Every structure is written in C-alpha cells, then in structure tokens.
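The residues of the chain are indexed from 1 along the displayed sequence. Just so it is clear, the structure is predicted and the values come from calculations on it, not from any experiment. Keep in mind that the numbers below use all heavy atoms, side chains included, and drop hydrogens, waters and symmetry copies.
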Amino acid sequence: ITPRLIFISYRLRSACRLQRIQGHMSTKAGSEVLFEKVGNAGVITLNRPKALNALNLTMIRHIYPQLKKWDKDSETDLVIIKGAGDKAFCAGGDIRAITEAGKAGDSLTQDLFREEYILNNTIGTYQKPYVALIDGITMGGGVGLSIHGRFRVATEKTLFAMPETGIGLFPDVGGGYFLPRLQGKLGLFLALTGFRLKGRDVQRVGLATHFVQSDKVIKLPQMGFLYMFVFVGLLLFCCFRLFSAGSVEEIMENLKKDGSAFALKQTETLAKMSPTSLKLTFRQIQEGERMSLQEVLVMEYRLSQACMRGNDFYEGVRAVLIDKDQSPKWKPSTLSGVSEQAIEECFSSLGERDLKL
C-alpha cells in the first residue's frame, strides 16, 4: 500500500466521520419532529421510527422553542409528546454521532449535552400539563423527554431503562434527580445495572403516573395483575437489602454473600459494566438525593464532559454499538483501579463552561 493510498483512505474515513456528525445537526427537523395542534393540545411527535426515534441536536433545537411558544399561548392548555411507529417512544440519543464528534474534537459533545439538559429543565419547570406517552422503548434521552413532565403514560409495550453504565457513561438527563427519589434503593439498582422495567411495572414503581393498554381493548388477566404486583414488591425488597451500601464494592460483596439467583445475575451484570461508570453513578445518585433538578443537571453536565475526555465511553460504544463484540476493554478494568481522586475530578466545576440554567 502506497503512502498516497493511505492518505486517501484517511481522508475518506475523516469525510465519513464529518458526515455523521453533520447528520446529527441536519436541517430535516421538519420531518424528524412534528408539531400540531389538536384542539387545545399541542402535540409533539418524534418522527424517526427507523432509528427508534433517537433524539438529535436538531430535534432538541426545534422542540425547545416550540415548548416556549406553547407555554405563552393562551389557546394551548397542555402539551402531549409521543413517538412515531409502534416500537419506541425514544430509545435515547444518537450515541454514534456523539462518539465521532468526541474523536474529532467537535463542539457537538458540549452543545448536545448542554442544550439537552436545558430542555430537560424546561420540561421539569413547565407551567402547563405535559403528557408523555411512553408507548414502547424509553431509554436515555427518551427518559429525559418524559420523566420530568407532570404525566407519564405507560402501556404494555413500555420498556424503560437507563443502560448507560454499559457504554462507559452514567444515567444522565436528570437521572441523579429522579432515581434516588424512587422507593428504597430501586433507583441505585436501576442506575448501576441498567435493569429493564416493562409495562405496568413502570407505573408501579412510580416512573409512570398512569397506565393504559395501547390498543384500549385487551385487558390484563387478574393473575397477570397479581404477578406484577408481587414482582415489584420482591424487586423493591431485594434492592433495599442488597444495594444498601456505602460503595459499589460493598454492593458487590452483598450480592456475592447473598448467593440467590437474583443476586448472582446482578453480580454478572455489574461485572460487565465500566468500573469508572459504576463509581461515577454511585456518587451521582448519592449527591442527587439532596439536590434540586437544576443542581443535578449542572452536576451531570460536568460528568458528561469528564466522560467525553475519558476512554470508557468511546470503548463502550465501540464494543456495544459499532463492532458489537460485547467485550469492552475498560480503563481501569477493576473497581479497585478507579481512584477516589479520579472520581472527584469528574465532579469538579468547569468554571465559565459550567451549565447555565
């Protein structure tokens, strides 16, 4: 291979990377997010069904001013947000584009997190009723578009999770606010393990405010209703018993000592996660319990930028989403290798670059 061919190959890869970053800031918001008035309701439809309605910066930049406009409009009494298609409300953000931007030193890694968190805060402080129809997959950025609103309506197709520790990140979009406010240690459990809650369970633990069948016809059998009630009760009990600890290491010790099938499954799950992400998340949940939503979002912006500077986010995305070998090489590779100083630095102020709300 000649030097010229190597140079051409490098230029092509760079061009493809730039194209992906620009795609995140496309001008197609007219088709990617739709706005309409139905009576006195303003309706937002996330319209990327093939991408599971993944949220990008262009969509954020259209949703935010529209919410502001409807908030001041005397003929708009409430806002409803939903996802197109039958699979997802919103499966998260466009992680690949953020990864490419981070590698290229593009400002998207600051702009997207900043503007997304500002949108999360706007939803959390919205004066009019805000109704999120979380019918289908609801993860990451989709949680940020729904959880801070006044009403969250789940269906039997709802699948709720915050799986960020598996890609070297942390449960952001205000996760540090709503997760520690769940019953017992359920929030910490969901944050560390990325456990998936489904259907009516999402309402039973308090993440959804209401539950309806998506087709409004099929009803839950009585035994199915009883099973889900018992399942949530057992889950809350197990989480409180096993995740009441002063560190991630203590949680791991609790799980190993318990030895139940549930505990062994969680031990196996946590062993796959980024050790740095686990420790960041543990501290985030601890701190967030005493903070307002605004204080949490400022903290999480600092954490997001620390993750963009580190190794594990890029390695996690490579292993899970790009190469799909499911074998990330975390650095450090063990919990003991993650120093308290390294974690402390992630929470440090960014000075003039801190998030302003």
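Under a 3.5 Å cut-off, the side chain of R181 and the backbone N or O of G288 do form a donor-acceptor pair. Judged purely by atom type and a 3.5 angstrom limit, E315 has no side-chain atom pairing as donor or acceptor with the backbone of W330. Counting only distance, with no hydrogens or angles, the side chain of E295 and the backbone of M291 share no donor-acceptor pair below 3.5 Å. Using modelled atom types, one side-chain atom of T158 and one backbone atom of I134 make a donor-acceptor pair closer than 3.5 Å. Side-chain atoms of T109 come within 3.5 Å of backbone atoms of D106 as a donor-acceptor pair (strictly under, hydrogens ignored). Side-chain N or O atoms of N53 include one that pairs as donor or acceptor with a backbone N or O of A88 at under 3.5 Å. The backbone N or O of A84 sits nowhere less than 3.5 Å from a side-chain atom of T45 that would complete a donor-acceptor pair. Judged by distance alone, with hydrogens and angles left aside, the side-chain atoms of T138 form a donor-acceptor pair with the main-chain N or O of G136 at under 3.5 Å. In this structure, S277 contributes its side chain and L169 its backbone to a donor-acceptor pair below 3.5 Å. Of the possible donor and acceptor atoms, one in the side chain of D312 sits under 3.5 Å from a partner among the backbone N and O of K331.
Remark: K37 NZ is packed, more than 12 non-hydrogen atoms of other residues, nucleotides or ligands lying under 6.0 Å away. Residue-environment remark: NZ (K87) stays at or below the threshold of 12 foreign heavy atoms within 6.0 Å. Counting non-hydrogen atoms of neighbouring residues, nucleotides and ligands closer than 6.0 angstrom, the OH atom of Y126 exceeds 12 such neighbours. Residue Q326 qualifies as enclosed at atom CD: its count of foreign heavy atoms under 6.0 Å is above 12. Summarising the local packing, CZ of R353 is surrounded by 12 or fewer heavy atoms from other residues, nucleotides or ligands at distances under 6.0 Å. Atom CZ of R196 has 12 or fewer heavy atoms from other residues, nucleotides or ligands within 6.0 Å. The number of heavy atoms from other shown groups lying within 6.0 Å of CD (E75) does not exceed 12. Shown here is F347, whose CZ atom has more than 12 heavy atoms of other residues, nucleotides or ligands within 6.0 Å.
Not less than 6.0 angstrom separates the ring centroid of F113 from the ring centroid of F313.
Hydrophobic clustering (ILVMFWY, side-chain heavy atoms < 4.5 Å, transitive): I118 and L55 are in one cluster. Hydrophobic clustering (ILVMFWY, side-chain heavy atoms < 4.5 Å, transitive): F240 and F243 are in distinct clusters. If you chain together hydrophobic residues whose side chains sit under 4.5 Å apart, M59 and I137 never meet in one group. Criterion: ILVMFWY side-chain heavy atoms under 4.5 Å apart, direct or through other members. Under it, I167 and L52 are not part of a common hydrophobic cluster. In this structure, F237 is not a member of the same hydrophobic cluster as L182, with clusters built from ILVMFWY side-chain heavy atoms closer than 4.5 Å.
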(message) salt bridge (Lys or Arg N to Asp or Glu O under 4.0 Å) for R114 and D111? Distances and angles first, verdict last.
(response) CA-CA 5 Å; R114 180 185 296 109; D111 298 341; 3.5 Å; yes
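A salt bridge between D354 and R302 is present, with a side-chain N of the basic residue lying under 4.0 Å from a carboxylate O of the acidic one. Salt-bridge formation is not detected for the pair E253/K256: no Lys NZ or Arg NE/NH1/NH2 atom is positioned less than 4.0 Å from an Asp or Glu carboxylate oxygen. In summary, K279 and E249 engage in a salt bridge, as defined by a charged side-chain N under 4.0 Å from a carboxylate O.
I81 approaches F89 most closely through the heavy-atom pair O-CE1, 3.8 Å. Minimum heavy-atom separation, L159 to M139: CD2-CE, 3.3 Å.
In this model, a donor atom of one side chain and an acceptor atom of the other lie less than 3.5 Å apart for S260 and D258. Side chains of S336 and T334: a donor-acceptor N/O pair is present below 3.5 angstrom, by distance only.
Just one residue in the list V131, I44, V43 forms a side chain to side chain contact (heavy atoms under 4.5 Å, CB included) with V79, and that residue is I44.
Classified by interplanar angle (parallel below 30°, tilted 30° to 60°, perpendicular above 60°), the ring pair H148/F178 is perpendicular. Between F262 and F189, the angle of the ring planes lies from 30° to 60°, which puts this pair in the tilted group.
Considering only heavy atoms from C-beta on, L190 stays 4.5 Å or farther from V205 through its side chain. Within the 4.5 Å cutoff, the side chain of V317 has no heavy atoms near those of the I98 side chain. At a threshold of 4.5 Å between non-hydrogen side-chain atoms, the residues R152 and T209 count as touching. Taking 4.5 Å as the limit, every side-chain heavy atom of Q266 sits out of range of all side-chain heavy atoms of I251.
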